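Remarks on the structure that follows.
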Amino acid sequence: MEFLSYLISGISLGSVYAIIALGYTMVYGIAKMLNFAHGDVIMVGGYMSFVAMSALHLPGWVSVLAGMAVCTVLGIVIEALAYRPLRSAPSLAVLITAIGVSYLLQNSAQLIWGANPISYPPVVSGTLHLFGGQLSISYVSLVTVAACILIMLALTAFTSKTKMGKAMRACSEDKGAAQLMGINVNRTISLTFAIGSALAAVAGVLLCSSYPTLMPTTGSMPGIKAFTAAVFGGIGSIPGAFLGGLLLGIIESMAKAYLSTQLSNSIVFAVLIIVLLVRPAGLMGKYVPEKV
Amino acid sequence: MKTKKKIAWGDYITYIGVTAAFIAVTALKNGGALNRSQLGLLVPICAYITMAISLNLTVGVLGELSLGHAGFMSIGAFSGIIAAMSLSELIPSAGVRMAIAMVTGAVFAGIFGFLIGIPVLRLRGDYLAIVTLAFGEIIKELINCLIVGYDSAGLHILINFDGSKTASDLELLEGGKAIIKGAQGAVGTKTIASFTAGYILIMIALFIILNLIRSRAGRAIMAIRDNRIAAESVGIEITKYKMMAFVTSAAIAGAAGALYGLNYSSLTAAKFDFNTSILVLVFVVLGGLGNIWGSVVAATVLYILPEALRSFADYRMLMFAIVLILVMLATNSSRTKALFEKLKSAKKEEEQ
């Protein structure tokens, strides 16, 4: 029973990672950049829903929508102002800009809401008791897992069936060729950032509901973990990000429970290193041979 | 011949520039023109300059993005602290102990650089970056588990995996002292780092790196950066030269860590996290990839900048972020580049 409850908390945590990683992997696939500010968009999403709930007294689900709306706009604005002018710049320059954006978001949040952690009222509360109370699952975990699966299926359908989704895949494969085929590359990249940021907002709300504190640096560690998850599953691949996130969450939860609380992050990262050594393109990534 | 001479002059100017800055700052210091907080910045600036030039070897010269450089700094800092503290009775001279600490830090960081380099250097691009990040985090957590003390019987080392052990479990003899106390980090360190030691470290690091770049090995490393496959096909041993650059870079970072660590009476491993690695990377990129002199200037300016902005209090990190973004946009955006080109061609026309 104990094992099962750890497994469930791992799946729930992994689902949050997976939602963030889906955004990460889409942005990486199309813009070929490590968007370090992604983790901080999670934090903004959390604060927005907090403001919607505590200051405007809106119901939980409306606050999620509010967070998503703000983050979508934020994602588009960041892309247009900071990343678009650097489309042809060396990747390190874009990386440093992303770091700058990350600092900017963190420090703006600190100025507005202060550096101290605030307690976040969970959007979904309550616990489900099974087997006569031996196993208890919080409703947040169930909602998180359901949301993650739903998002994954929706994204897969979107990228494979719709016109915009196909344009997205075309851009991530070859921007120049896509442009020649009449695809508006800039708009497609904007859309990708919008989707990724909206997902980050959802992840932010779910993360803060399960771990109910919120501070300006809340997003950075989950952001790094989610990036790890995206690489773990094979960056650029949507099912890969889902699988990577889930596995990462389970490994972290199990490591915390059975091996060492202090070294749980190290164990996660050690697994990542081993996987990358055996499969250099991640679990589900495509290995692209180098052409000379 | 002509170009060779020019390159050598650039190196000499770097040495002279650093020395001139050292003399000027020392004069200011002795003249009493610097206040306490400014004096406190001197050693960290030296440490970060050394970090920046060592990371520039990996990122700028070898061309591999490393996001875990602070990990090597951390190894250097804590091994340096252990060396300096445990030898404090044996060697009374602070200067000699400082030198031993920096050498110890460099050796340990170099060994770890080699061990980490074996898996890391097989990967490429962003995958390599994420694995260096992972190693940086692993090092941080492992040092958090370390409990070290010394007494007349020698060093006692405990590894505290489950968080149940404390410094009293070291069972030190009478007169023994705990040096590193797990998550609390190093406490009660004697601060023996000095600005002069920092200056010497920078000069040694510059000497090693500039000479490496100008040597046969350095040209091989740059050939790997520019075109790995072409370099391999003309018979350059990729692994050997990559490892040479990576280990040198790690070892110098270790020495910088020892300098930094011995500047504070207490230090936790959390100081050397991902953000520190990123900060050093920012110095390197803004200073110019492969440009050692640029790293020195960028590290100095950017380390002082947030302090200089202190009058803006809460807004200083925000300003820092905005400056960072604007500088990157100004130097890399295609639109501003076109503008510069236009200005240049206009100037030329005028001259004609």
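The structure presented is a predicted model; accordingly, all values stated were derived computationally and were not measured. Just so it is clear: chains get the letters A, B, ... in the order the sequence lines come, proteins before strands, and each one is counted from 1.
- Residue A:Ser108 touches chain B through both its backbone and its side chain, counting heavy-atom pairs closer than 4.5 Å.
- When side chains are defined from C-beta on, B:Glu137 counts as touching A:Met221, because their heavy atoms get closer than 4.5 Å.
- Residue contact with chain A, scored on non-hydrogen atoms closer than 4.5 Å, involves the side chain of B:Val285 exclusively.
- B:Glu141 and A:Asn265 share a donor-acceptor pair across their side chains, judged by distance under 3.5 Å alone.
- No other option in B:Ile130, B:Leu324, B:Val131 has as many heavy-atom pairs under 4.5 Å with chain A as B:Ile130.
- The part of A:Leu111 that comes within reach of chain B is its side chain, from C-beta onward, which places non-hydrogen atoms under 4.5 angstrom from that chain.
- When all heavy atoms are compared, the tightest approach of A:Gly100 to B:Ala321 is O-CB, 3.6 Å.
- The local environment of CZ in B:Phe108 is sparse, with at most 12 non-hydrogen atoms from other residues, nucleotides or ligands closer than 6.0 Å.
- For B:Leu142, the parts lying under 4.5 angstrom from a heavy atom of chain A are both the backbone and the side chain.
- Heavy atoms closer than 4.5 Å to chain A are found in the side chain of B:Leu67, but not in its backbone.
- The number of heavy atoms from other shown groups lying within 6.0 Å of OH (B:Tyr241) is above 12.
- With a 4.5 angstrom heavy-atom cutoff, B:Leu318 touches chain A via backbone and side-chain atoms both.
- Nearest heavy-atom pair across A:Thr97 and B:Met328 is OG1-CB, 3.4 Å.
- Chain A forms the most heavy-atom pairs under 4.5 Å with one residue out of B:Asn144, B:Leu281, B:Val59, B:Asn227, and that residue is B:Leu281.
- Of all the listed residues (A:Ile267, A:Leu95, A:Leu34, A:Leu81), the one sharing the greatest number of non-hydrogen pairs under 4.5 Å with chain B is A:Leu34.
- Of the atoms belonging to A:Met33, not a single heavy atom falls under 4.5 Å from chain B.
- For chain B, the option among A:Leu272, A:Leu105, A:Leu86 with the highest count of heavy-atom pairs below 4.5 Å is A:Leu86.
- The residue among A:Ser88, A:Ala89, A:Pro85 with the most heavy atom pairs within less than 4.5 Å of chain B is A:Pro85.
- Residue contact with chain B, scored on non-hydrogen atoms closer than 4.5 Å, involves the backbone and the side chain of A:Val101 alike.
- Of all heavy-atom pairs spanning B:Asn275 and A:Tyr103, the tightest one is O-OH, 4.1 Å.
- The distance from the CG atom of A:Leu104 to the CD1 atom of B:Ile325 is 5.0 Å, given to the nearest 0.5 Å.
- With a 4.5 Å cut-off on non-hydrogen atoms, A:Ser264 touches chain B through its backbone but not through its side chain.
- Annotation: side chain of B:Ile138 is in contact with side chain of A:Ile273 (closest heavy-atom distance under 4.5 Å).
- Side-chain contact check for B:Leu329 versus A:Tyr83: every heavy-atom pair is 4.5 Å or farther apart.
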